[in-house]
Amino acid sequence: MNPSFLTSNGISFSLALGLGGLACAYVLIRQVLGSSAGNEKMAFIAKAVQEGAQAYLSRQMTAVAMIALPLAVGVYFIRGGAATAGFVIGAACSMLAGYIGMYVAVRANVRTAQAASVSSHAALKVAFNGGAVTGLLVVGLGLLSVAGFYAVMLKVTNGDTKAAIESLVGLALGSSLISVFARLGGGIYTKAADVGADLVGKIEQNLPEDDPRNPATIADNVGDNVGDCAGMAADVFETYAVSLIGGVLVGFLTVKDNAAALIYPFVLCGLSLIASVIGIAFVNFVKQKSATNALIGGVAVSGIISALLFKAVTGSMFGETLNVGGKVIPSSNLFWCAVVGLVLTVLVVWFTNYYTSTFHAPVRRIAKASETGHATNIIAGISVGHHSTVLPVLAIAGSIWCSYEWAGLYGISIAVVAMLSLSGIIISLDAFGPITDNAGGIAAMSGLPESVRKITDELDAVGNTMKAVTKGYAIASAGLAAMVLFGSYVEDLKASLPHLTSIPFDLSNPMVIIGMFIGGLLPYLFTAFSMDAVGSAAGAVVIEVRRQIKEKPGILTGADIPDYRQCVDIVTKAALSKMTVPALLPLIFVIGVAFMGKEALGGLLIGTIVTGLFVGIAMTSAGGAWDNAKKYVEEGNHGGKGSFAHQAAVTGDTVGDPYKDTSGPAVNPMIKVVNILAIVIIPIMVKYGFFH
């Protein structure tokens, strides 16, 4: 391949592949919607879920827009009109990815339930393809928005690369802020409904999962979609866009006078989109013995193809060597940095699967602990969560070490871009979870045969593990991406303060230590507010479910129909009202500490990255393990449904719900908001003498 071809045409190349990804998503949408939606009763239940999800997301978008407007004004005064345009584009694409993904997911659920009446593989295909729509939308929109905006800004600024790249910072901030609100709002909604439904339905009334007699069951099914489809899509869109922008920014700051360094991240993301489409085809057409093998196989295929494509283009773009930060390195080092990102993805998927799957010891240990009570279940779950941090953090540390040794900060950024480039296939796994969960609910509420529910339950258990896997992936990538953003903060400071040859963050400097303490505090305070929100909203659902059952005893016999709308309304209002304070905490902390100086703000970034990484991994892994421990008991182990161990396992699951679906995953975008905002405010802090 001509060395100048991808360097000169890499943006157009990536834009074409981004459009191709959206075209593939459209084909999958047609395929999913063309599947049978079952009988009238199934359609009625599915419509109730669709209407609830649509109503919530519309209200959430309105509420977030009201908050985003003054923030956009702030970006305009700090960074100018170009960055503000980027802010709006990033925010809009983040919301759009979640909205369309959820639109398909709430229609794929009923079709998955119907397909389960045919075969397990048929149900797997419908659910996975519904999730793959979200995956392809995330990477397609991410690549198009970043590459397209960058190309436009290059033309507007007459080829001023610096100005074009600085405008991308606004896009990163817009997507990150929206994803925090989407993650928190959706997470509060889904877990308030889930916890409330389980506490009364399963423990007090001994009702099975998704029983239509439970007044909170529709709210619970709605929550799966607004939290794990819309919320996760916005979350990973943000991580994908920020990582791509970070790679371009670091390339500009550290690899001088080399156009290929700016284009290389775009090319990697475009090539991985091809690999993701092939991985999706593998899941559809290559039958495996189990759903887990099929899904993990798709990831493996995508990773191998990505590595082969990366190898083909790296040498052709850079030649034999390049200069990174004043050091001449072989161009092959960049390929190995990309491989590090791919390997880290595989490792995080494997580690998280081990700690959250019913086939491995950690989940079974929690299930065994349930025999001796609620407290021992909780203790075992917390222990598993803490243990689960060890291997991912060591893998991240090793990845940083290798990448930095091979290509400095730019090498780390390439590892992050390569890791996030697999988002198309990874997010397909995540959205698979809520679709199968809803399919099981529809099967139960519409009275489908037990054989159908058996298939949906098996797929749901796999979906729980896949959700935990993808959350672990998102948080691990956030930790790696945050290191790149911190490096960008330091490099941007150097560029803004040219009289300083270096900006050390010396641990003997008390301002650095103070910043680290405050930054370390932020993830704990952030998760505390979000846990409080779920707890209070779930309490309101419990009271409402108890009221309905008390006032209409016929609900339990099937003589009366529950008022599902009341629970939907309760969790909708709670999610919208309680998401604002924790979502704004990162802005308050960053701006407040910035007035203490650049060293204190740097310390805050380090503290947030370190504690946020551990808190996020521990919470998501513990929550996934608790959930699947409950399912393992419900399969007939340790006494099965209705036993004392089952009651303890349900308690663990309800504690783990906000861990894995609200607080834990929301730490991911929160970490990056802190880092991006620190970069955004550098010019104004320098201008008024706070950074000097």
Would you kindly say whether [X] and [Y] are connected by a side-chain donor-acceptor distance under 3.5 Å?
X: Glu634; Y: His646; answer: yes
X: Ser530; Y: Thr662; answer: no
X: Asn377; Y: Ser370; answer: yes

Ring geometry between His360 and Tyr354 (parallel below 30°, tilted from 30 to 60°, perpendicular above 60°) =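 Plane angle between 30° and 60°, so tilted.
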
Whether the side chain of [X] engages the backbone of [Y] through a donor-acceptor N/O pair (distance < 3.5 Å, no angle test) should be reported.
X: Asn129; Y: Lys125; result: yes
X: Arg213; Y: Thr557; result: no
X: Thr389; Y: Gly385; result: no
X: Ser58; Y: Ala55; result: no
X: Thr376; Y: Ala369; result: yes

Test Val110 against Ile45 for side-chain contact (heavy atoms from CB on, under 4.5 Å), laying out the working first.
-> CA-CA 9 Å; Val110 67; Ile45 296 166; over 6 Å; no

Roughly how far apart are [X] [atom1] and [Y] [atom2], rounded to 0.5 Å?
X: Tyr564; Y: Met445; atom1: OH; atom2: CE; value: 7.0 Å
X: Glu204; Y: Gln647; atom1: CD; atom2: CD; value: 10.5 Å
X: Thr112; Y: Leu459; atom1: OG1; atom2: CG; value: 8.0 Å
X: Leu429; Y: Ile296; atom1: CG; atom2: CD1; value: 6.0 Å

Taking C-beta and beyond as the side chain, do [X] and [Y] meet within less than 4.5 Å on heavy atoms?
X: Asp560; Y: Gln548; result: no
X: Thr134; Y: Val104; result: no
X: Thr654; Y: Leu199; result: yes
X: Val650; Y: Val633; result: no
X: Asp657; Y: Val534; result: no
X: Thr352; Y: Thr620; result: no
X: Val126; Y: Gln114; result: no
X: Phe432; Y: Leu124; result: yes

Compare every heavy atom of [Y] with every heavy atom of [X], then report the nearest pair and how far apart it is.
X: Gly520; Y: Pro523; value: O-CD, 3.4 Å
X: Gly642; Y: Asn206; value: CA-OD1, 4.1 Å
X: Ser388; Y: Ser621; value: OG-CB, 3.1 Å
X: Gly612; Y: Val667; value: O-CG1, 3.3 Å
X: Met670; Y: Pro586; value: CG-CG, 3.5 Å
X: Lys578; Y: Ser536; value: CE-OG, 3.1 Å

Before accepting this row, confirm whether a basic side-chain N of the pair [X]/[Y] lies closer than 4.0 Å to the acidic partner's carboxylate O.
X: Asp457; Y: Lys454; answer: no
X: Glu544; Y: Arg547; answer: yes
X: Lys630; Y: Asp653; answer: yes

Just checking [X]: does its [atom1] atom have more than 12 heavy atoms from other residues, nucleotides or ligands closer to it than 6.0 angstrom?
X: Arg565; atom1: CZ; value: no
X: Tyr103; atom1: OH; value: no
X: Leu33; atom1: CG; value: yes
X: Phe44; atom1: CZ; value: no
X: Lys368; atom1: NZ; value: no

Intermediate values then yes/no, side-chain contact (heavy atoms from CB on, under 4.5 Å), Trp626 and Ile378 = CA-CA 8 Å; Trp626 265 316; Ile378 299 298; 4.1 Å; yes

Given [X], which of [options] fulfils the side-chain contact (heavy atoms from CB on, under 4.5 Å) condition?
X: Val363; options: Asn628, Val384, Asp627; value: Asn628
X: Phe128; options: Val32, Leu295, Leu28; value: Leu295
X: Pro392; options: Leu347, Ile617, Leu613; value: Ile617

Give the intermediate values and the outcome of side-chain contact (heavy atoms from CB on, under 4.5 Å) for residues Thr456 and Thr436.
-> CA-CA 6 Å; Thr456 57; Thr436 54; over 6 Å; no

Should Leu448 and Met42 be marked as a side-chain contact (heavy atoms from CB on, under 4.5 Å) after you check the CA-CA gap, both sets of side-chain angles, and the distance that decides it?
-> CA-CA 9 Å; Leu448 294 183; Met42 294 168 66; 3.9 Å; yes

